[in-house]
Amino acid sequence: MSQKIFIKTFGCQMNEYDSNRIFDTVKKIGFEKTENFEDANCYLLNTCHIRDKAKEKVYDDIGRVKKSFRFREKPIVIVAGCVAQAENQEILKREPYIDMVVGPQAYHKINDTILNHIKDKKKLEETEFDTVSKFEYLSKIKNNFSKVSSYLTIQEGCDKFCHFCVVPYTRGPEYSRPYEQIIKEAKHLANNGAKEITLIGQNVNAYNYEKYKLSNLILEIEKISGIERIRYTTSHPKDMSEDLINVYKNSQKLMPLVHLPIQSGSDKILKLMNRKHKIRDYLKIFEKLKNINSNIEFSSDFIIGYPGEEEEDFDSTIKLIKDINYINSFSFIFSSRPGTVAANLKLIDQNISKKRLEIIQDLLFENQISMNKSFEGKTINVLVENLTEDKSKTFGRSEYMTSVIFNGKKEDIGKIVPVKIKKSNRSTLFGNIVESYNQKVA
Ligand code: SAM
Ligand code: SF4
Ligand code: F3S
């Protein structure tokens, strides 16, 4: 009888990549994927711990599964990801319905863990940091999850210890995968139809393997036949080295959107956060990149209401957003995380934080809307990813990652096509494929 696994993923791109690799792994012991959790013999929740309520989300979710399987044989229930790492044994104690807890650096052990559980029904926990073995193991199992736009993990973990952040505790120390292993995986993705590769890591620009850096990877991957676009995320301003900045001069395929989280526009707050960079350093990077190519645009992450944030610090954040003119960004109210340095700091008034978040988001949305409006009437290159859900149109992305919906055909999937933009809203551009393109193809 075939076994079915249902995988639910919360969190960042790393978790999405991990979920796909977990599936590639459990396939080896006979699991097929199901999109309907009620059909599953194995329910895996890949969790995120970055902001609060993460833990509660896990128990709520498992509660729903428990209810649905009330009168049937229960599936094997696995909690993976960053909550698994942070809470480990606690999870098994609190919810006996959960069978296994597997941390992000132990996925290579997942098949043995599942088979052992099937054999003796024991509760199991695997949360050691064993990143080297994990990637050695995974590199032997092909990454079969090629989409037009695919993720490729090149680096994991973090040594920076920003005072608000759980990542160094949940993902462990910084680790860079061997260069050749990454190139091999990129070639495999390209052979399976990937046209865009996003290199990912918690600190992707800290990549450092023997003599190779992120800049070397980008320049090598762009030689791979079939690869048309390269992106990377998430980067830290401190690791925005000269060689990486210069790749924007030399690369043909690196996209002109730089996601460079700043968190706050105030040096005082950056220091309190232990960010290891100043606004001045950030602006220098901005200027250098704009000098290389004035079409390069920026996006960022902001934490609002960090302990100690005063009105003038907040004003500095607003000023920075106006100076850089971010085209797209994420902003969150500071969330106190157990085990981090900032967990012990006094919170600012939460009503003030909420108000500030509203102001910041309005400003960021305004930028986004006006950037999208600026494309109306213009023709842009779109990498076609899919048909829309109702199959009546095609969906793709601009060079700046903006969603584009237009009147393409199924055969356009995987191609870069010119689209004339007619309309836009905050998140999407709408247009028509340029007629002469269709004629040329025909
Ligand atoms: N390594 C990246 C960097 O240094 O910019 C960030 C990776 S983190 C997974 C993604 C984002 O989550 C951060 O940029 C930050 O804005 C947000 N974040 C992390 N911890 C947070 C917290 N305690 N409260 C609110 N937002 C948080
Ligand atoms: Fe977290 Fe990024 Fe800071 Fe590392 S550099 S601790 S991942 S916010
Ligand atoms: Fe969340 Fe872990 Fe990613 S905490 S943001 S899933 S690294």
Side-chain angles (χ1 to χ4, degrees), residues 8-19 22 45-55 57-58 79-87 102-105 107 127 129 131 151 153 155-175 200-207 232-240 258-265 269-270 272-277 282 285 298-307 309 317 326 329-345 347-348 350 353 356-357 360-361 364:
K8 184 164 179 177
T9 310
F10 294 119
C12 62
Q13 295 96 335
M14 309 285 298
N15 262 13
E16 265 187 59
Y17 176 88
D18 288 346
S19 288
I22 289 173
L45 193 61
N46 197 1
T47 59
C48 171
H49 201 234
I50 204 84
R51 279 172 289 276
D52 60 1
K53 304 210 177 76
K55 213 166 44 175
K57 263 196 212 160
V58 172
V79 176
C82 291
V83 177
Q85 187 66 44
E87 295 285 310
V102 186
Q105 307 308 359
Y107 294 149
T127 49
F129 288 135
T131 325
Y151 292 135
T153 294
Q155 178 277 343
E156 275 227 51
C158 180
D159 295 337
K160 297 212 165 47
F161 291 92
C162 299
H163 285 169
F164 52 81
C165 184
V166 292
V167 170
Y169 311 99
T170 62
R171 292 275 171 170
E174 223 165 79
Y175 168 78
I200 55 176
Q202 274 90 23
N203 265 290
V204 75
N205 56 344
Y207 179 83
Y232 61 89
T233 197
T234 296
S235 27
H236 192 285
K238 193 163 183 292
D239 296 313
M240 211 62 206
V258 182
H259 182 65
L260 196 58
I262 177 89
Q263 315 299 353
S264 167
I269 296 297
L270 292 183
L272 289 174
M273 288 176 165
N274 192 29
R275 279 294 286 183
K276 304 180 172 76
H277 58 82
Y282 192 91
I285 300 167
F298 288 73
S299 64
S300 186
D301 295 345
F302 296 92
I303 295 182
I304 307 301
Y306 190 75
E309 184 186 83
T317 303
Y326 292 102
S329 290
F330 301 99
S331 46
F332 312 96
I333 291 181
F334 165 71
S335 169
S336 177
R337 310 308 293 125
T340 61
V341 173
N344 304 319
L345 303 177
L347 288 180
I348 71 163
Q350 290 303 283
S353 293
R356 289 181 184 165
L357 183 72
I360 290 281
Q361 292 194 330
L364 291 167

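For ligands, and for the atoms within them, numbers begin at 1 and follow the listed sequence. For the single chain, residues carry numbers from 1 onward in sequence order. Side-chain atoms are counted along with the backbone in the values below, which use heavy atoms only and exclude waters and symmetry mates. These numbers come from a predicted model, not from an experiment.
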- Task: Decide if the gap between the ring center of Y326 and the ring center of F302 is smaller than 6.0 angstrom.
- Result: yes
- Is it the side chain (CB and beyond), the backbone, both or neither of R275 that lies under 4.0 Å from ligand 2, heavy atoms counted? side chain
- Query: Is there a donor-acceptor pair under 3.5 Å between the side chain of H163 and the backbone N or O of L272?
  - Reply: yes
- Message: Does only the side chain of H236 get under 4.0 Å from ligand 1, or the backbone, or both, or neither? Count heavy atoms.
- Response: side chain
- Query: Nearest to atom 1 (N) of ligand 1, what protein heavy atom do you find, and at what distance?
  - Reply: Q202 O, 2.7 Å
- Note on the structure: atom 4 (O) of ligand 1 has as its nearest protein heavy atom R275 NH1, 2.8 Å
- Message: Please check: side-chain N/O of D239 versus main-chain N/O of N205, any donor-acceptor pairing under 3.5 Å?
- Response: no
- Return yes or no for this condition: an N or O of R337 is under 3.5 Å from an N or O of ligand 1. no
- Note on the structure: One finds that the ligand 1 atoms under 4.0 Å from a non-hydrogen atom of Q263 are 5 (O), 13 (C), 14 (O), 15 (C), 16 (O)
- Taking Q202 for the side chain and E156 for the main chain, is one N or O donor matched with an acceptor at less than 3.5 Å? no
- Can you tell me if D159 uses its side chain to pair, donor with acceptor, with the backbone of E174 under 3.5 Å? yes
- Identify, by atom number and element, the atoms of ligand 2 in contact range of F164, meaning under 4.0 Å from any of its heavy atoms. 8 (S)
- Message: Treating S335 as the side-chain partner and D52 as the backbone partner, does any N or O pair qualify as donor plus acceptor under 3.5 Å?
- Response: yes
- Counting only N and O atoms by type, is there a donor-acceptor contact under 3.5 Å from the side chain of Q350 to the main-chain atoms of I348? yes
- Message: Closer than 2.8 Å to atom 3 (Fe) of ligand 3, what protein N/O/S atoms do you find?
- Response: C12 SG
- Heavy-atom nearest neighbour in the protein, as seen from atom 11 (C) of ligand 1, with distance rounded to 0.1 Å: D301 OD2, 3.4 Å
- Query: Is a side-chain N or O of R275 found less than 3.5 angstrom from the main chain of P237, in a donor-acceptor match?
  - Reply: no
- Identity and separation of the nearest protein heavy atom to atom 23 (N) of ligand 1: S335 O, 2.8 Å
- In ligand 1, which numbered atoms sit nearer than 4.0 Å to a non-hydrogen atom of P261? 5 (O)
- Message: I need the contact type for K276 against ligand 1. Using non-hydrogen atoms and a strict under-4.0 Å cut-off, is it side chain, backbone, both or neither?
- Response: neither
- Looking at I303, T234, I50, N15, the heavy atom closest to atom 8 (S) of ligand 1 belongs to I50
- Query: Should N203 and Q155 count as side-chain neighbours, where that means a heavy-atom distance under 4.5 Å?
  - Reply: yes
- Could you tell me which residues satisfy salt bridge (charged side-chain N to carboxylate O under 4.0 Å, His left out) with K238, sequence neighbours excluded, listed by chain and number? none
- Message: For atom 12 (O) of ligand 1, what's the nearest protein heavy-atom neighbour? Residue, atom name and distance, please.
- Response: R51 NH1, 3.7 Å
- Could you tell me if any non-hydrogen atom of K160 lies under 4.0 Å from any atom of ligand 1? no
- Starting at CD1 of I285, measure out to OG of S235 and round the result to the nearest 0.5 Å. 9.0 Å
- Would you find a donor on one side and an acceptor on the other, under 3.5 Å apart, between the side chain of T47 and the backbone of A80? yes
- Message: Tell me every residue that passes ring pair (Phe, Tyr, Trp, His ring centres under 6.0 Å) with F161, counting only those two or more places apart in sequence or in another chain.
- Response: Y169
- Message: Would you say that more than 12 heavy atoms from the other residues, nucleotides or ligands in this model lie under 6.0 Å from the NZ of K55, or not?
- Response: no
- Message: Which label fits Y306 and F334: parallel for a plane angle under 30°, tilted from 30 to 60°, or perpendicular past 60°?
- Response: perpendicular
- Query: What protein N/O/S atoms are found closer than 2.8 Å to atom 4 (Fe) of ligand 2?
  - Reply: C158 SG
- Hey, does I333 sit under 4.0 Å from ligand 1 if you only count heavy atoms? yes
- Query: To which protein heavy atom is atom 20 (N) of ligand 1 closest, and what is the distance rounded to 0.1 Å?
  - Reply: F164 CD1, 3.3 Å
- Task: Spell out, as yes or no, whether a donor-acceptor pair under 3.5 Å connects the side chain of R171 to the backbone of C158.
- Result: no
- Message: Any side-chain to backbone donor/acceptor pair from D301 onto P261? Under 3.5 Å, distance only.
- Response: no
